Amino acid sequence: MNSGRKKIALFGATGSIGKSTLDVIRRFPDRFELFAVSCHSNIGALEDIIDEFRPKYAIVTGEGNLKRTDLKVLRGKEGLEEVAAHHEADIVLIATLGTIGIFPTIAGLRAGKRIALANKETLVAFGSVVVKELENSRGELIPVDSEHSALFQLLLCWKEDAETLILTASGGPLRKLSRKEMERVQLVDVLRHPTWNMGKKITVDSATLMNKGLEVVEAHWLFRFPPERIEVVIHPQSIIHGILRLRDGALVAHMSTPDMKVPIQSALTYPERLFSEVRSPDLPDLSSLTFEPPDFDRFPLLKLAYEALKKGRGFPAVMNAANDIAVKAFLDGKIGFLDIEKAVFTVVNEFEGTEEDLGALIEADLWARRKAREVVDSLV
Ligand SMILES: NC(=O)c1ccc[n+]([C@@H]2O[C@H](COP(=O)([O-])OP(=O)(O)OC[C@H]3O[C@@H](n4cnc5c(N)ncnc54)[C@H](OP(=O)(O)O)[C@@H]3O)[C@@H](O)[C@H]2O)c1
């Protein structure tokens, strides 16, 4: 009865993307089967998922012990790698936080799997490595990030004619605030995202526009467009996710309700399209769709991301790692909102560049994390 079901390894199953993915799997029990799951430390939530879906593997990447005899329990990045390359896994959906995602991405590509990648930090830090792996493998890389999912679909039709990629950004919860007002902003204000319901780290990144900067780098590696041909536009309603500027003067856009189940389902079923529980927007309800240019002065991390991408040589990896540490410190209440960019700029300014191979980029990532911790401590 179960033959033909795609077996999904879901890494970061206990997070926001993980939960939306489980919703999609629940909706199509005859199409998908949960083969493996991972969490970092939320063992209780992982146990609930295991009880419901009965996967064969579970991986714990952080602290905590999962004591079960009804499935195989693995640990750490080695566990993610083993399952990503497992002969039974068909699709590996990577929705972990941070840069650990590079390990199952490489292992899965080498084993010829479909990697559905939500974890943008992996491409930001290790984009050149992933592209090389992809070129030499039978595997495929399908974006889950909503903007990149939209662009991926548009480029299937218009790759030859596309001059520019346009990524939309909601502008985040602080879109209208002055720099002065940002100095006083509290965590609760930052976590109140106007359109998307996401994990805390990405919600903070949306408020600094670092998230859009990371997405510019992600788009570069996914679609091989240079930074000059990747634009960002603020679109507060989050209905349009990606736009192509075509050479004949046309713009083509992808629209959907802002719900991550749409791009997740698309990545799991591509090239098929199945009925979704998420309705497409009714056009008369969209009384106004508005657009404005991003303000690089109020949101300097977006500008930094373009500069880091142009420099290459590990600068995006360092920017990303410093941002991870600074955002965590902000979430822990140790530093203020504007200290995030202060820490990131300080670390990036001290970096001198490195080689573009995996070992050197991992070194750069670790160096930036150490440095960022020092900077954060000096700001506390
Ligand atoms: N949320 C969105 O709408 C959205 C949209 C586009 C892209 N993304 C990207 O998708 C990824 C996940 O985002 P999210 O919002 O779902 O995050 P989240 O809600 O914080 O969930 C993160 C998941 O990763 C696990 N995790 C945390 N730290 C980890 C570590 N150091 N190593 C391995 N796993 C770790 C967590 O496990 P525990 O629960 O045990 O801590 C959880 O399962 C991020 O890269 C984000 O940029 C998210």
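Counting starts at 1 for both ligands and their atoms, in listed order. No experiment lies behind these values; they were computed from the predicted model shown.
Although no hydrogens or angles enter the test, the distance criterion places a donor-acceptor pair under 3.5 Å between the side chain of S38 and the main chain of G12. Remark: side-chain polar atoms of Q237 are paired, donor with acceptor, to backbone N or O of T290 under 3.5 angstrom.
The shortest contact between atom 32 (N) of ligand 1 and any protein heavy atom is with H40 ND1, 3.3 Å. When only non-hydrogen protein atoms are considered, atom 6 (C) of ligand 1 lies nearest to D145 OD1, 2.8 Å. For atom 33 (C) of ligand 1, the nearest protein heavy atom (residue, atom name, distance) is T61 OG1, 3.2 Å. With hydrogens left out, the protein atom closest to atom 20 (O) of ligand 1 is L97 CD1, 3.8 Å, a heavy atom. Atom 21 (O) of ligand 1 has G15 CA, 3.1 Å as its closest protein atom, hydrogens excluded (heavy atom only). The nearest heavy-atom contact from the protein to atom 19 (O) of ligand 1 is S16 N, 2.9 Å.
Under a 4.0 Å heavy-atom criterion, S41 is in contact with ligand 1.
Within the 4.0 Å heavy-atom criterion, both parts of K120, backbone and side chain, lie near ligand 1. With a 4.0 Å heavy-atom cut-off, ligand 1 is reached by no atom of K201.
Residue A118 has at least one heavy-atom neighbour below 4.0 Å for each of these atoms of ligand 1: 7 (C), 8 (N), 9 (C), 10 (O). Remark: ligand 1 atoms within the under-4.0 Å shell around heavy atoms of E121 are 44 (C), 45 (O), 47 (O). Distances below 4.0 Å separate heavy atoms of G199 from the following atoms of ligand 1: 1 (N), 15 (O), 19 (O). Within ligand 1, counting atoms from 1 as listed, the ones closer than 4.0 Å to a heavy atom of I100 are 32 (N), 33 (C).
The shortest N or O to N or O distance between N42 and ligand 1 is under 3.5 Å. The distance criterion of under 3.5 Å between nitrogen or oxygen atoms is met by G12 with respect to ligand 1.
Taking a cutoff of 4.0 Å between a charged side-chain nitrogen and a carboxylate oxygen, D30 and R5 do not qualify as a salt bridge. Salt bridge K328/D332: present, at least one basic N to carboxylate O contact under 4.0 Å. The pair E121-K201 meets the salt-bridge criterion, since a charged nitrogen lies less than 4.0 angstrom from a carboxylate oxygen.
Taking each of G18, G44, G62, A95 in turn, the one with a heavy atom nearest to atom 23 (C) of ligand 1 proves to be A95. Within the set T96, T99, I17, the minimum heavy-atom distance to atom 11 (C) of ligand 1 is found for T96. Closest heavy-atom approach to atom 8 (N) of ligand 1 within the set T122, T14, I202, I59: this belongs to I202.
Cation-pi geometry between K303 and Y306 is not met at under 6.0 angstrom from the ring centre and within 45 degrees of the axis.
Legend: residues meeting salt bridge (charged side-chain N to carboxylate O under 4.0 Å, His left out) with K56, ordered by chain and number and at least two apart, are E88. Applying the salt bridge (charged side-chain N to carboxylate O under 4.0 Å, His left out) test to E356 and every residue at least two apart in sequence or in another chain returns nothing.
With respect to D70, the salt bridge (charged side-chain N to carboxylate O under 4.0 Å, His left out) criterion is satisfied by exactly one of R68, K67, K72: R68.
In this structure the side chain of D377 never reaches within 4.5 angstrom of the side chain of V375, judged on heavy atoms.
Under the 30°/60° scheme for interplanar angles, the aromatic rings of F152 and Y270 are found to stand perpendicular.
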